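Letters go in sequence order (proteins before strands), and every chain restarts at 1. Keep in mind that what you see is a predicted model, and the values were worked out from it rather than measured.
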Amino acid sequence: MVMDSMDLRQGRYSRQVLFRPIGEAGQRRLMQARAAVIGMGALGTAIAAQLVRAGVGFVRLVDRDIVEPSNLQRQSLYDERDAEVALPKAEAAAAKLRQANGDVRIDPVVTDLTWRNAEDLLADVDVILDGTDNFQVRYLINDVAVKHGIPWAYGGAVSSYGTAAFIRPGETPCLVCLFGPDPGGGHDTCDTVGVIAPVVSIIASLQVAEALKYLTGNVDALHPGLVHVDVWHNAFRSVSFGPRRPDCPCCAGRTFASLEARTDGLTVSMCGRHTIQVRPERPGVGMERIAERLRQVGEVRMNPHLLRCDLGAVRITLFRDGRALIHGTDDPVEARSIYARYIGM
Amino acid sequence: MNVIVNGKPRDLPGEVTVKQLLEHFDLAGERVAVEVNGRIVDRDAFGDYVLRTGDVVEVVRFVGGG
């Protein structure tokens, strides 16, 4: 939509235009900009709400899940009705956001981000914002971002702490430079250690602030490193990026392992009545650490070979090679989701 | 040996590498970025980098949830 100078100064965006580093020129740039938000959970909803209200011209929302009652404590775009009728998150969020700002083109996509669709969904935007809950997808985002030269805002939050970083291919280290080539397996998840809303809002806001700086041409204001926040233990820390790694297989060698591996992360197969086997792409998990986390949510029994956890409706049997049997379901999507939520990927 | 880790003074027993420091804080298997005195430490050098008394260490975890 075309706006003259008066509209910008007096209308919906007046306070943002008054903020000097953005101004009229910055606002016009935002209105021309395209962003993708991957994962519409706690981080994703907070990110999308800020982008849409700020007037970013096109916002794509990608999520595979439906709204559940346990989301409502922190995923601020959803309400009880969305959970009751089990709406897909991307659609529920799009409906709310269209009411918040009719000027923005919102493109909800109900799907899992995989090597098959990642370039279709990400290569046509100016910036990517990470609202995902696992490392596998972040490595995939990093691959597409580096391959196509698109900056992306990493963010992660669990418990009361979180980390954010704005990664610019060619300018800053990429995810592989920072944390190595292996997405690995097993980490704290919101389903094992919980999460509180305040830390999510902070991390999402840090991600959006960097995206706004970038999209309005204020690249000198970008934070040159990783920011870590713990709202419960009162820690606000940051670490500089340091140089890009000259031997980085991704941003120096341009080998895009997650994109080119052509695997879907977790393979599932039926395994008898009401049992599904989930096998991660990369074998091996830190069993003791996972046991410790699962004790927060269910009864855990362990022997040298395997771990069993009773979650009530379903039970998990996890082997040292990372393979798990999810008992109590016939739904491969649910089994995969349980693995990602309770074991991590 | 005294070092500052994420803003807090810590007394460590004798000479300690970054790798041992991470083990001490139960972060050995975690994905972290480590800065000592304002300079990032290459993750391949964690085992060789020996901390000195008075060093200021920042450890930031790569957090998974969302």
With respect to chain B, which residue among A:Val239, A:Leu43, A:Val193 yields the maximal number of heavy-atom pairs within a distance under 4.5 Å? A:Val239
Between B:Glu30 and A:Arg289, does at least one N-O distance fall below 4.0 Å, as a salt bridge requires? yes
Check: A:Phe135 and B:Val63 side chains under 4.5 Å, non-hydrogen atoms: no
Strictly by modelled atom types, are B:Glu58 and A:Ser238 linked by a side-chain donor-acceptor pair under 3.5 Å? no
Would B:Asp42 and A:Arg245 count as a side chain to side chain contact (heavy atoms under 4.5 Å, CB included) here? Give the steps. CA-CA 9 Å; B:Asp42 191 313; A:Arg245 289 179 69 111; 2.8 Å; yes
Which heavy-atom pair separates A:Ser240 from B:Gly38 by the least distance, and what is that distance? OG-O, 3.7 Å
Segment of A:Phe241 engaging chain B (4.5 angstrom heavy-atom cut-off): backbone
Heavy-atom closest pair, residues B:Arg43 and A:Val176: NH2-O, 3.1 Å
A:Ala235 versus chain B, the contacting section by heavy-atom distance below 4.5 Å: neither
Lys/Arg-Asp/Glu bridge criterion (N-O < 4.0 Å) met for B:Arg61, A:Asp230: no
Segment of B:Val32 engaging chain A (4.5 angstrom heavy-atom cut-off): backbone
Any B:Phe62 side-chain heavy atom under 4.5 Å of A:Leu175 side chain: yes
Please report the closest heavy-atom contact between A:Pro243 and B:Ile40, naming both atoms and the distance. CD-CG2, 4.1 Å
Using a cut-off of 6.0 Å, state whether more than 12 heavy atoms not belonging to A:Gln73 lie near its atom CD. yes
